[in-house]
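Notes for the one structure printed next.
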Amino acid sequence: MGDVLAGFHAAWEFGSDSVRIRYERGIRTPKLFQALGERRIPLDAIEGVTLTPGKRGTVALRIELRPGADPLMEAAAGQLKESTDPYRLVLPAERETLAEYYADELRTLLTESGPAERHLVTAPEVPLQFKAYDGKASFDGTAVSFRWFWTGASSAKWKAGDQRFPVGELSGVEWRSPEVFEGHLRLLRRDAGGAAGQPDQDPAAVVFGLGYGPVHESLPFAAAVLAAVRSCAPVVVPTARARRDPADIAERIRHLGELHQAGLVTDEEFSSKKAQLLSEL
């Protein structure tokens, strides 16, 4: 079709094999849209398209994706608010006829339905990182790293130490929106047995909070990790570990000592963890 339909916060370009969505970067544009920037949706990833009345004199054109076609929506698992749905284009009501025309044209090009065998929409680009309440999460495309904050991490996480999870050791990702109670990002490990514990006690999870782990940072992160897991990306293990900042090590030993004095860490655990931290200098 090759035409462009512009709405609030985004413009859709209809091609012969895809719909390209370009999101605005205005101050009123949802931060998730700004983080995504642009998305190309192959037609074989689309199951349907709807046009419904919106609020305050608007209509909404929405692409319905096949289950499993997009790592972003798979990670979101239905938790996104309507206002931050990246595949919903809001237009003034007077453009309803034009929107219906494009919806009909798009429907005639759709041939696939049902669950997709693989991701058809490209995942957000790496590297990615964000700050959770209890640590900093980083993903370089081959492994996820959690570095704990002494001000927020539980004693269980502090004793476990900073974590690194190669993609090959993971089976999936669990994302719970920071806009609900107990928001978190948890890595699902292939070798993990039994039920997972509380996220604030699980070294394979980071927890969200007010201002920590916002949707526009943590959801693209979860989607990128999920896509890497699904594609069985090769694992690259560094041959040498970079030396840590001495001031950071000293601060961690000090906090470990506080946990020891409070009786939350045994003598043996204190000695072992202190030796581990000193070995990183």
Exercise. Determine yes or no for a side-chain-to-main-chain donor-acceptor pair under 3.5 angstrom, with Thr84 supplying the side chain and Leu80 the backbone.
Key: no
Quiz prompt | Of all pairs that satisfy salt bridge (charged side-chain N to carboxylate O under 4.0 Å, His left out), the ones with a partner from residues 196-211, not counting sequence neighbours | solution = Arg186-Asp202, Arg189-Asp202
Quiz prompt | Test item: Arg147 and Ser138 side chains (from C-beta on) under 4.5 Å apart, heavy atoms | solution = no
Quiz item: Between the side chain of Thr29 and the main-chain N/O of His9, is any donor-acceptor distance below 3.5 Å?
Solution: no
Quiz prompt | Closest non-hydrogen atom pair between Ala153 and Trp148, with its separation | solution = CB-CB, 3.7 Å
Quiz item: For the residue pair Arg164 and Ser145, what are the closest heavy atoms and their distance?
Solution: CG-OG, 3.9 Å
Quiz item: Counting distance only, does the side-chain N/O of Gln79 pair as donor-acceptor with the main-chain N or O of Trp175 below 3.5 Å?
Solution: yes
Quiz item: Okay, side chain of Arg66, backbone of Pro115: is any donor-acceptor separation there less than 3.5 Å?
Solution: yes
Quiz prompt | Shared hydrophobic cluster for Phe146 and Phe149 (ILVMFWY, side-chain gaps under 4.5 Å) | solution = no
Quiz prompt | Same apolar cluster: Leu65 and Val19, side chain cutoff 4.5 Å | solution = yes
Self-check item: Min side-chain heavy-atom separation Val215-Pro178 under 4.5 Å
Solution: yes
Quiz item: Is there a side-chain contact between Leu32 and Pro214 (heavy atoms, below 4.5 Å)?
Solution: no
Quiz prompt | Test side chain to side chain contact (heavy atoms under 4.5 Å, CB included) applied to Phe8 and Glu24, step by step | solution = CA-CA 9 Å; Phe8 299 115; Glu24 295 179 355; over 6 Å; no
Exercise. Output the distance between atom CD1 (Ile27) and atom NZ (Lys31), rounded to the nearest 0.5 Å.
Key: 9.5 Å
Quiz item: What residue pairs, at least two apart or across chains, pass ring-ring contact (aromatic ring centres under 6.0 Å, His included) with a residue in residues 37-65?
Solution: none
Practice problem: May I ask whether Leu170 and Leu188 are part of the same hydrophobic cluster, defined by side-chain heavy atoms of I, L, V, M, F, W, Y residues being less than 4.5 angstrom apart, directly or through others? | Solution: no
Exercise. Can you tell me which residue pairs pass the salt bridge (charged side-chain N to carboxylate O under 4.0 Å, His left out) test with a partner in residues 113-137, sequence neighbours excluded?
Key: Asp134-Lys157
Quiz item: Which residue pairs pass the ring-ring contact (aromatic ring centres under 6.0 Å, His included) test with at least one member in residues 24-81, sequence neighbours excluded?
Solution: Tyr23-Phe33
Practice problem: Kindly give the heavy-atom pair with the smallest separation between Gly141 and Val126, and that separation in Å. | Solution: CA-CG2, 3.9 Å
Quiz prompt | pair Phe139-Phe130: side-chain heavy atoms closer than 4.5 Å | solution = no
Quiz item: Any idea which heavy atoms bring Gly213 and Ser218 closest together, and the distance?
Solution: O-OG, 3.0 Å
Self-check item: Charged N-O contact under 4.0 Å between Glu38 and Arg40
Solution: no
Quiz item: If you group Ile, Leu, Val, Met, Phe, Trp and Tyr by side-chain heavy-atom gaps below 4.5 Å, do Leu51 and Leu106 land in one group?
Solution: yes
Using atom types as modelled, flag every donor-acceptor pair under 3.5 Å from a side chain in residues 85-92 to any protein atom, sequence neighbours excluded.
from: Asp85; atom 1: OD1; to: Tyr87; atom 2: N; distance (Å): 2.9
from: Asp85; atom 1: OD2; to: Arg62; atom 2: NE; distance (Å): 2.6
from: Asp85; atom 1: OD2; to: Arg62; atom 2: NH2; distance (Å): 3.2
from: Tyr87; atom 1: OH; to: Arg39; atom 2: NH1; distance (Å): 2.8
from: Tyr87; atom 1: OH; to: Asp70; atom 2: OD2; distance (Å): 2.6
from: Arg88; atom 1: NH2; to: Glu82; atom 2: OE1; distance (Å): 3.3

Quiz prompt | Glu174 and His184: CA distance, side-chain angles, deciding distance, side chain to side chain contact (heavy atoms under 4.5 Å, CB included) verdict | solution = CA-CA 8 Å; Glu174 176 184 87; His184 65 268; 2.7 Å; yes
Exercise. Give the other cluster members for Tyr133, using side-chain heavy-atom distances under 4.5 Å between Ile, Leu, Val, Met, Phe, Trp and Tyr residues; answer none if it is isolated.
Key: Val207, Tyr212
Practice problem: Can you see which heavy atom on Leu226 is nearest to which on Ala75, and at what distance? | Solution: CD2-N, 4.0 Å
Quiz item: Just how far is it from atom CG of Leu5 to atom CD1 of Ile21, taken to the nearest 0.5 Å?
Solution: 11.0 Å
Quiz item: Excluding sequence neighbours, so at least two apart, what forms side-chain hydrogen bond (donor to acceptor under 3.5 Å, both in side chains) with Glu74?
Solution: His119, Arg230
Practice problem: Indicate yes or no: at least one non-hydrogen side-chain atom of Val121 is less than 4.5 angstrom from one of Pro42. | Solution: yes
Practice problem: Output the distance between atom CE (Met73) and atom CG (Leu219), rounded to the nearest 0.5 Å. | Solution: 8.5 Å
Self-check item: Exam field: side chain Ser177 to backbone Glu179, donor-acceptor pair closer than 3.5 Å
Solution: yes
Quiz item: How far does CD1 of Ile46 sit from CD1 of Ile41, to the nearest 0.5 angstrom?
Solution: 7.0 Å
Only distances under 3.5 Å count here; give the side-chain donor-acceptor pairs of residues 107-114 to other protein atoms, sequence neighbours excluded, each with its distance to 0.1 Å.
from: Arg107; atom 1: NE; to: Val49; atom 2: O; distance (Å): 3.3
from: Arg107; atom 1: NH1; to: Glu100; atom 2: OE2; distance (Å): 3.4
from: Arg107; atom 1: NH1; to: Asp104; atom 2: OD1; distance (Å): 2.6
from: Arg107; atom 1: NH2; to: Val49; atom 2: O; distance (Å): 3.1
from: Thr108; atom 1: OG1; to: Glu105; atom 2: O; distance (Å): 2.6

Self-check item: Pair Val173-Val144, side chain to side chain contact (heavy atoms under 4.5 Å, CB included): steps then yes or no
Solution: CA-CA 11 Å; Val173 179; Val144 179; over 6 Å; no
Practice problem: Heavy atoms only: give me the nearest Pro220-Pro124 pair and the separation to one decimal. | Solution: O-CG, 3.7 Å
Exercise. Go through the structure and list residues passing side-chain contact (heavy atoms from CB on, under 4.5 Å) with Ala35, not counting sequence neighbours.
Key: His216
Quiz item: Do Val229 and Phe221 belong together in a cluster built from hydrophobic side chains that touch within less than 4.5 Å?
Solution: yes
Practice problem: Classify the ring geometry between Phe14 and Tyr102 as parallel (under 30°), tilted (30 to 60°) or perpendicular (over 60°). | Solution: parallel
Practice problem: Kindly write out the residues that satisfy ring pair (Phe, Tyr, Trp, His ring centres under 6.0 Å) with Trp12, not counting sequence neighbours, or none if the list is empty. | Solution: none
Quiz prompt | Ala156: side-chain contact (heavy atoms from CB on, under 4.5 Å) partners, not counting sequence neighbours | solution = Ser154, Gln201
Exercise. With sequence neighbours excluded, give me every salt bridge (charged side-chain N to carboxylate O under 4.0 Å, His left out) pair touching residues 90-99.
Key: none
Quiz item: Please walk me through it: do Glu13 and Arg22 pass salt bridge (charged side-chain N to carboxylate O under 4.0 Å, His left out)?
Solution: CA-CA 8 Å; Glu13 180 181 348; Arg22 295 185 174 89; 2.7 Å; yes
